[in-house]
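Residue indices begin at 1 and follow the sequence shown.
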Amino acid sequence: MAEKVNLSETLKHYFGFDSFKGDQEQIIRSLLDGHNIFVLMPTGGGKSLCYQLPSLLMEGTAIVISPLIALMKNQVDVVNGMSEYSGLAHYLNSSLNRAAIMQVMDDIRKGRTKLLYVAPESLTKEENIAFLRTVKISFYAIDEAHCISEWGHDFRPEYRNIRPTINAIGNAPVIALTATATDKVRSDIKKNLGINDALEFKSSFNRPNLYYEVRPKTPEIDKQIIRFIKQNPGKSGIIYCLSRKKVEELAAILLANDIKAAPYHAGLDSPTRSETQDDFLMERIDIIVATIAFGMGIDKPDVRFVIHYDIPKSLEGYYQETGRAGRDGGEGQCIAFYAYKDLQKLEKFMEGKPVAEQDIGRQLLQETAAYAESSVCRRKMLLHYFGEEYPHDSCDNCDNCLHPHQRVEASEALLIVLKAISALKENFRQDYVIDFVKGRGTDDLVSHRHDQLDEFGEGEELDPKLWNPVIRQALIAGYLNKDVENYGILKLTAAGKRFIKHPQPFMIVKDTEFSEDYEDPDSEATGTALDPELLAMLKNLRLKVAKKHNLPPYVIFQDISLEQMATMYPITPSELQNIQGVGVGKANRYGGEFLKLIKAHCEANNIDRPLEIRVRTVAKKSMLKVKIIQAIDRQIALDDIADAQGLEFEELLDEIEAIVYSGTRLNIDYFLEEVMDEDHIDDIYEYFRESNTDNLDAALDELGNDYSEDEIRLVRIKFFSEQAN
């Protein structure tokens with residue numbers, strides 16, 4: 001059949017493309033000829049075309065098994081968009097009502113439907129099997145086929161039932177497709193689907209346009225992400241988090257900082273997920289914050305960056321998720337944040353799972369840690385993991401290549417490692433080998449009596465930080481192999497055995513150290529301003545503006561606000577609102593002259609402004625403040641608010657002062673009118689207008705004989721809210 005079809009013409013007619021990419025044409029011809037096929041093609045390589053085009057040419061309906069219900073609609077819309085009539089493609093899943101299901105079945109019976117997308121759970125339903133037995137199936141396409149394997153990054157037990165279900169419906173060629181699979185996962189997929197005879201098509205995993213970077217995860221991660229997004233205005237991006245809770249929190253923080261973002265995870269209802277997906281595709285929002293539930297099958301070619309807030313559970317997951325960037329061949333920045341604590345947390349989550357599953361999970365985590373901590377070319381490491389050799393020492397498009405670490409000679413350390421593996425009969429994993437060469441008499445080592453071998457402790461005099469990079473880079477250099485079938489046991493290669501007999505120079509780069517001990521750089525502590533000259537000018541301007549408005553200087557801007565201005569150089573109202581103690585009202589009321597001064601100072605002195613920002617948070621602590629603001633807006637008495645929130649009245653005043661001093665305007669007149677005499681309010685108000693300080697002790701010294709501390713604080717809140725915000 002393949003010879004009779006001009007595939008190039010068909011491609012142009014249906015899809016509008018002038019030529020095939022990579023192995024696409026050969027894959028399609030092989031499927032038309034009736035072969036079982038295994039396709040390993042990185043994200044963006046054009047996997048979906050490999051089954052969409054042949055389905056249009058073959059008799060019957062092709063069944064596409066896909067894991068995510070919410071994303072089938074996207075694929076079906078694309079296919080139906082190529083046709084003059086509806087029904088060329090359908091999906092069958094739990095989101096459809098009875099009438100819609102009958103319509104789908106009717107279109108299939110009439111031969112209108114060439115592609116039917118089903119979730120594995122829907123495929124195995126008795127009524128669906130009974131119906132599909134009655135129609136001609138052209139072939140079965142198993143998308144995201146790595147879901148079959150426990151060694152894959154997204155194992156789904158229901159994928160294990162696909163082969164028995166195919167047998168029940170009726171035999172036809174099978175094409176299994178995945179964007180990411182190691183040799184172990186690949187053999188697992190073919191065996192489970194019963195297609196060991198499949199023709200294999202394996203595309204290169206190298207995506208030269210993607211830039212890879214790993215950053216240490218510090219308390220200022222939110223600030224770093226917001227700064228990065230602001231430096232890339234209008235660009236589409238995906239941020240992956242491991243938990244739904246973190247997805248919700250981060251999306252809220254981005255929204256609070258004027259970034260068009262939305263959360264996406266499996267806990268949201270289907271209409272919300274569909275709407276978010278459509279908003280992203282239609283560019284009504286720029287950023288999706290998601291768990292791994294987002295992205296499979298999404299055809300958005302111009303995602304410009306993918307950020308991993310948490311390090312992923314496996315390199316396969318990481319590779320697939322980063323692969324959603326730059327699918328059009330354009331810019332694609334892939335930034336991951338890494339802290340060893342995150343790995344420990346993930347290991348803890350595995351407790352209680354079967355031992356074999358824990359072993360697999362830990363090994364996958366170790367590979368991820370190796371990638372994050374290593375200082376060698378990240379592209380080289382990724383490709384090596386997928387069994388592909390990268391022939392260059394530097395890719396010039398990852399952080400390690402653009403900022404190379406110093407290389408050190410490590411032939412002695414490599415020789416010690418190779419001899420140790422030989423002495424241990426090539427039967428142990430990396431952590432065991434490292435304990436052995438360091439001379440650590442662990443219970444495991446002692447029980448095997450390996451502490452009695454001559455090679456035990458051979459490397460105890462060497463830098464203990466050498467061993468992980470030596471072994472990782474020996475694997476890449478081909479001196480060692482890792483036996484994946486046996487949970488990562490290290491084996492000598494022929495080159496490794498030759499090295500023992502004839503050692504040669506072996507240069508490595510040490511791993512990057514990710515410190516767990518850090519100061520919080522995002523703390524609110526007052527620091528010295530970066531630009532003392534500008535600070536002096538800002539203070540003079542504040543004095544001038546204060547006189548003009550007949551107000552004390554601190555009402556215009558507090559000292560900490562001026563210090564931050566002299567550090568961050570804001571020149572727009574939105575940048576000014578990122579300064580501590582400056583809300584929208586204050587920025588609009590007093591900001592104009594200050595922004596002009598800062599801008600003129602920057603231009604006169606050729607100052608390169610730092611893109612430093614102060615993140616507006618939506619932390620848990622702020623939930624109390626939100627409740628207080630809402631209660632005051634509803635004019636609830638302050639003592640009742642304090643009772644409702646379980647606070648002493650003085651504690652409530654502390655919270656209200658913090659709200660007002662951070663730039664939010666509150667109107668507490670309704671309460672003051674109830675509890676204080678109008679003349680008393682005016683007296684205290686006038687004191688703060690004429691005083692050069694809002695210090696409470698100074699006010700008590702002056703007014704304390706006539707008014708209580710609470711009364712002074714209440715009027716100070718009114719004064720500051722009205723005059724400063």
Side-chain angles (χ1 to χ4, degrees), residues 14-15 31 47-145 147 156 158-159 161-177 193 266 269-275 277-278 281 293 296-299:
Y14 284 109
F15 293 88
L31 189 56
K47 288 192 303 300
S48 53
L49 186 86
C50 296
Y51 55 79
Q52 286 172 352
L53 182 57
S55 74
L56 304 175
L57 301 173
M58 294 170 76
E59 185 190 350
T61 302
I63 294 178
V64 182
I65 298 159
S66 180
L68 287 172
I69 290 170
L71 301 171
M72 290 180 190
K73 181 178 179 294
N74 177 242
Q75 294 268 339
V76 167
D77 288 346
V78 168
V79 176
N80 284 335
M82 303 179 309
S83 172
E84 293 165 25
Y85 67 90
S86 62
L88 187 65
H90 273 303
Y91 55 83
L92 197 58
N93 60 42
S94 57
S95 71
L96 299 180
N97 60 31
R98 194 74 202 150
I101 291 170
M102 299 317 293
Q103 179 64 57
V104 171
M105 290 181 170
D106 194 44
D107 281 351
I108 293 170
R109 277 194 206 96
K110 289 176 179 170
R112 292 164 67 93
T113 300
K114 305 301 289 178
L115 268 169
L116 176 66
Y117 287 81
V118 293
E121 299 87 344
S122 301
L123 184 70
T124 54
K125 284 185 178 172
E126 282 302 324
E127 61 267 34
N128 290 338
I129 292 173
F131 166 70
L132 292 170
R133 270 202 198 110
T134 67
V135 298
K136 167 77 175 166
I137 306 299
S138 53
F139 62 86
Y140 299 90
I142 290 86
D143 206 1
E144 312 293 352
C147 294
R156 289 166 187 249
E158 59 272 19
Y159 258 63
N161 300 321
I162 290 174
R163 185 71 239 182
T165 309
I166 288 173
N167 293 341
I169 294 169
N171 208 20
V174 172
I175 175 169
L177 308 101
L193 285 174
D269 60 68
S270 189
T272 302
R273 290 203 306 271
S274 293
E275 185 185 348
Q277 191 180 308
D278 288 343
L281 290 170
M296 283 183 173
I298 282 288
D299 189 20

Check: Can you find a side-chain donor-acceptor pair between Asp143 and Tyr117 that sits under 3.5 Å?
Finding: no
Margin query: What's the separation between atom CZ in Arg98 and atom CD1 in Ile101, rounded to the nearest 0.5 Å?
Written below: 5.5 Å
Checklist line | Straight-line distance of Leu123 CG to Tyr140 OH, nearest 0.5 Å | finding: 7.5 Å
Check: What heavy-atom pair brings Ala176 and Ala145 nearest, and what distance separates the two atoms?
Finding: CB-CB, 4.0 Å
Check: Taking it one step at a time, do Leu115 and Gln52 satisfy side-chain contact (heavy atoms from CB on, under 4.5 Å)?
Finding: CA-CA 7 Å; Leu115 268 169; Gln52 286 172 352; 3.8 Å; yes
Notebook entry, point to check: Is the side chain of Lys114 donor-acceptor paired with the backbone N or O of Ala62 at a distance under 3.5 Å, no angle test?
Noted result: no
Next item on the list: With the side chain counted from C-beta on, respond yes when Pro173 and Leu31 share a heavy-atom pair under 4.5 Å apart, and no when they do not.
Entry: yes
Notebook entry, point to check: Hey, what do you get for CD1 (Ile108) to NZ (Lys136), rounding to the nearest 0.5 Å?
Noted result: 15.0 Å
Checklist line | Stepwise side-chain contact (heavy atoms from CB on, under 4.5 Å) check, Val135 with Thr61 | finding: CA-CA 8 Å; Val135 298; Thr61 302; 5.6 Å; no
Next item on the list: Let me see the working for Val118 and Tyr91 under side-chain contact (heavy atoms from CB on, under 4.5 Å), right down to the final yes or no.
Entry: CA-CA 6 Å; Val118 293; Tyr91 55 83; over 6 Å; no
Note to self: Apply side-chain contact (heavy atoms from CB on, under 4.5 Å) to residues Glu144 and Cys147 and explain how you reach the verdict.
What the structure shows: CA-CA 6 Å; Glu144 312 293 352; Cys147 294; 4.1 Å; yes
Item checked: Side-chain touch Ile175/Ile142, heavy atoms, less than 4.5 angstrom -> no
Notebook entry, point to check: So how far is it from Glu126 CD to Phe131 CZ, rounded to the nearest 0.5 Å?
Noted result: 15.5 Å
Notebook entry, point to check: Hey, are Asp269 and Arg273 close enough for a salt bridge, meaning a charged N less than 4.0 Å from a carboxylate O?
Noted result: no
Item checked: Backbone of Gly170 reached by a side-chain donor or acceptor of Arg133 within 3.5 Å -> no
Notebook entry, point to check: Are side-chain heavy atoms of Thr113 and Leu88 found at a separation under 4.5 Å?
Noted result: no
Item checked: Ser55 side, atom OG; Phe139 side, atom CZ - distance, nearest 0.5 Å -> 5.0 Å
Checklist line | Nearest-0.5 Å distance, CG of residue Leu132 to CD1 of residue Ile169 | finding: 5.0 Å
Notebook entry, point to check: Per the side-chain contact (heavy atoms from CB on, under 4.5 Å) rule, which among Asp107, Val64, Val104, Asn128 passes with Leu116?
Noted result: Val104
